[in-house]
Amino acid sequence: MPQVVTRFAPSPTGHLHIGGARTALFNWLLARRLNGRFVLRIEDTDALRSTKEFTAAILAAMTWLKLDWDGEPIYQSHRLNLYREAIDRLVIEGRAYYCHCRPEELDKRRKATMAAGGKPKYDGRCRDKNLGPAPGAVVRFKGPESGKTGWTDLIKGPIIFDNRELDDLVLLRQDGQPTYNLAVVIDDATMGITHIIRGDDHVNNTPRQILLYQALDAPLPLFAHVPMILGADKTRLSKRHGATSVMAYKEMGYLPAAIANYLTRLGWSHGDQEIFSLKEMTELFDLAQVGRAAGVFNPEKLNWLNAYYIKKTPPETLEKLVWPYLEARGYIRPETEELKKIILTVRERGKTLAELAEKAEFYFQDLPPLDQTAQAKFMTPDNLTLLRELRELLHNSLTAEDFENILRHLAKEHGVKLGAVTQPLRLALTGRTASPGLFEIIDILGPEKILRRLNAVLK
RNA sequence: GUCCCCAUCGUCUAGCCCGGUCCAGGACACCGGCCUUUCACGCCGGCGACAGGGGUUCAAAUCCCCUUGGGGACGCCA
């Protein structure tokens with residue numbers, strides 16, 4: 001069996017989004033699994049909308065996700081000659097023709113057919129006129145007028161189209177640029193792509209492309225159409241469903257491992273298993289296990305996975321990941337060892353890196369602002385007395401363990417539960433009622449800061 | 001409108017190809033409990049689905065047909 005070659009072919013007209021990332025992932029996984037090649041092709045034939053910035057952003061997102069590609073990225077804008085040659089050849093062979101119809105006319109006719117209940121396809125009026133190049137002319141493919149075109153989709157199974165459903169698609173635009181369908185076929189054929197894994201929305205392009213392969217006398221690749229990712233309302237995932245760009249998730253504090261795991265599991269499964277490392281996926285991934293139905297993007301499950309991977313991340317790594325969020329808030333970086341201890345106390349309490357930073361913020365604040373409702377509830381005269389007594393017992397050599405003994409002693413003396421003492425103290429030290437373990441906090445803060453925070457509360 | 005695709009808990013899914021082991025399994029979320037200095041984590045338990053209708057068959061979540069519902073495509077965008 002010849003080597004498997006897959007590709008990811010984004011157009012740099014926007015950031016890498018969730019759906020694109022999954023397509024890239026599936027292509028990457030198959031190539032890695034079968035020891036094949038995974039190539040990246042930038043589809044920038046739309047010169048108006050394509051930018052270098054988006055290209056760079058897409059590459060950065062791929063890199064962040066750890067999806068490495070083989071060789072240098074291929075740019076369609078560098079291969080225009082190739083497309084022109086192919087188009088010329090098709091025209092000479094009578095498999096394509098010049099069309100002089102104006103876009104406005106076509107648009108008008110399309111609307112009219114649609115209104116009349118028909119499928120709005122090109123009516124073929126220039127098909128047999130044998131026209132030549134002219135300003136404003138395009139080249140169209142001369143498709144068959146009968147017969148059927150189909151393939152066995154690696155995900156969806158057999159799909160067949162009636163050729164009468166297909167119209168003569170434009171291959172060369174008025175401005176001399178090739179169109180998507182032509183460029184894709186030329187590239188996939190010349191780059192030796194064996195498996196085309198792409199979004200469901202390309203199913204309708206596939207028969208046209210197959211016809212082009214045949215006209216070009218090129219061997220057909222295998223096709224696999226991955227179902228779409230939908231939003232909670234079951235419409236195509238878009239900005240209104242929240243963040244869609246991969247890098248936006250990075251900024252929110254998601255781990256690439258979590259994103260990759262989530263995306264792969266959305267549409268693919270391996271029995272009941274939920275957790276997969278990238279490496280494990282490359283060992284198990286199989287197109288046969290990819291589902292046929294569209295899936296709803298579920299941020300809750302992503303959160304769960306992200307929390308899982310955060311919990312698995314060792315403190316020395318996590319510290320580096322969380323620090324930027326704290327730094328952005330203007331805090332001074334403590335010793336690495338201390339930061340690691342701090343991170344460890346919040347590691348199991350947040351679902352994103354940003355959340356971890358938020359939960360650790362009180363360690364860095366000079367005097368954490370007290371939660372108003374909690375203050376009213378816990379800073380009662382009785383509790384203030386308790387805290388005052390505690391302050392009296394405080395001296396610099398106290399360890400967290402001593403602290404615990406003192407608190408238990410105080411509680412006993414006052415005939416209250418331990419919680420009655422810890423909550424006001426927690427509030428004084430963190431400004432909140434929910435926090436990491438009180439004694440861990442005490443250990444990290446140290447007597448000086450504790451005293452300062454107590455004094456602030458005790459006016 | 002036309003064509004294409006799809007259909008198991010709210011969501012992701014296992015099971016479907018090779019019908020019986022499924023009064024349908026797992027996960028997220030949700031609810032309850034345990035643990036506990038708070039919040040989490042963790043552990044235990046609960047709620048919850050084969051879209052509907054016809055066939056085929058001794059037997060259907062699994063095969064066939066129809067209906068309904070959903071998604072996608074219909075560009076000189078990709």
Side-chain angles (χ1 to χ4, degrees), chain A residues 9-14 43-46 48-50 76 99 101-103 106-107 110 113-121 136-140 153 155-157 159-162 164-167 169-175 177-181 183-184 198-207 225 227-228 230 232 234-236 262 265-275 288-289 291-305 307 311 346-351 359 404 407-408 411 417-423 425-427 430 432-439:
Chain A
S11 77
T13 54
E43 309 219 322
D44 54 354
T45 51
D46 185 349
L48 260 80
R49 299 195 301 142
S50 301
Q76 287 192 325
C99 167
C101 294
R102 315 295 309 178
L106 293 171
D107 199 47
R110 239 191 312 266
T113 351
M114 190 113 78
K119 189 173 174 115
K121 40 176 276 191
V138 300
V139 173
R140 283 183 185 276
D153 197 275
I155 291 172
K156 294 184 181 277
I159 299 178
I160 192 153
F161 281 78
D162 194 310
R164 282 168 299 194
E165 290 297 327
L166 281 19
D167 60 358
L169 76 180
V170 172
L171 303 179
L172 183 72
R173 299 196 283 225
Q174 211 176 100
D175 64 4
Q177 297 268 80
T179 58
Y180 162 76
N181 278 300
V184 169
R198 71 212 328 187
D200 219 346
D201 47 342
H202 284 292
V203 168
N204 294 272
N205 285 324
T206 307
H225 288 93
M228 306 263 83
L230 311 177
K234 305 235 183 190
T235 62
R236 197 181 175 144
Y262 178 71
R265 192 62 186 67
L266 208 197
W268 174 78
S269 62
H270 182 73
D272 285 340
Q273 190 171 342
E274 296 287 349
I275 306 289
Q289 308 302 324
R292 293 156 305 275
V296 173
F297 183 80
N298 183 352
E300 297 294 336
K301 190 150 184 180
L302 207 211
N303 282 342
W304 172 73
L305 276 166
K311 276 178 268 174
V346 294
R347 188 170 62 165
E348 299 187 341
R349 284 168 232 265
K351 298 182 186 308
K359 293 211 189 309
E404 181 163 358
L407 286 179
R408 291 196 187 277
K417 283 188 194 164
L418 186 58
V421 193
T422 56
Q423 279 308 80
L425 181 57
R426 185 189 312 281
L427 183 60
T430 69
R432 319 177 192 192
T433 54
S435 78
L438 190 56
F439 303 110

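Each chain gets a letter, A, B and so on, in the order its sequence line appears, and its residues count up from 1. This is a predicted model, so every value here is computed, not measured.
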[atom1] atoms of [N] and [M], separation to the nearest Å:
N: B:A49; M: B:G25; atom1: C1'; value: 12 Å
N: B:A27; M: B:C44; atom1: P; value: 9 Å
N: B:U11; M: B:G70; atom1: P; value: 14 Å

(request) Mind checking A:Glu165 for me? I need base, sugar-phosphate or nothing, with any heavy atom below 4.0 Å counting as a touch. (result) sugar-phosphate
Who does [N] pair with, Watson-Crick or G-U, both distances under 3.5 Å?
N: B:G42; result: B:C34
N: B:C3; result: B:G72
N: B:A14; result: none
N: B:C22; result: none
N: B:C47; result: none

(request) With sequence neighbours excluded, tell me which residues meet salt bridge (Lys or Arg N to Asp or Glu O under 4.0 Å) with A:Arg102. (result) none
(request) Using salt bridge (Lys or Arg N to Asp or Glu O under 4.0 Å) as the criterion, list what pairs up with A:Arg432, not counting sequence neighbours. (result) A:Glu358
(message) Test of understanding: with side chain to side chain donor-acceptor pair (under 3.5 Å), list the residues that count as partners of A:Thr13, not counting sequence neighbours.
(response) A:Ser11
(request) Quick one: list whatever passes side chain to side chain donor-acceptor pair (under 3.5 Å) with A:Lys351, sequence neighbours left out. (result) none
(message) Let me spell it out: for each of A:Asp162 and A:Asp44, pick the nucleotide of RNA chain B with the closest heavy atom. Which residue's pick is nearer the 5' end?
(response) A:Asp162
(message) List the residues meeting ring-ring contact (aromatic ring centres under 6.0 Å, His included) with A:Phe161, not counting sequence neighbours, and say none if there are none.
(response) none
(request) State plainly whether the residues A:Asp200 and A:Lys156 are in salt-bridge range, i.e. N to O under 4.0 Å. (result) yes
(message) What range of RNA chain B does chain A touch, first nucleotide to last, counting atoms under 4.0 Å from its heavy atoms?
(response) B:G1 to B:A78
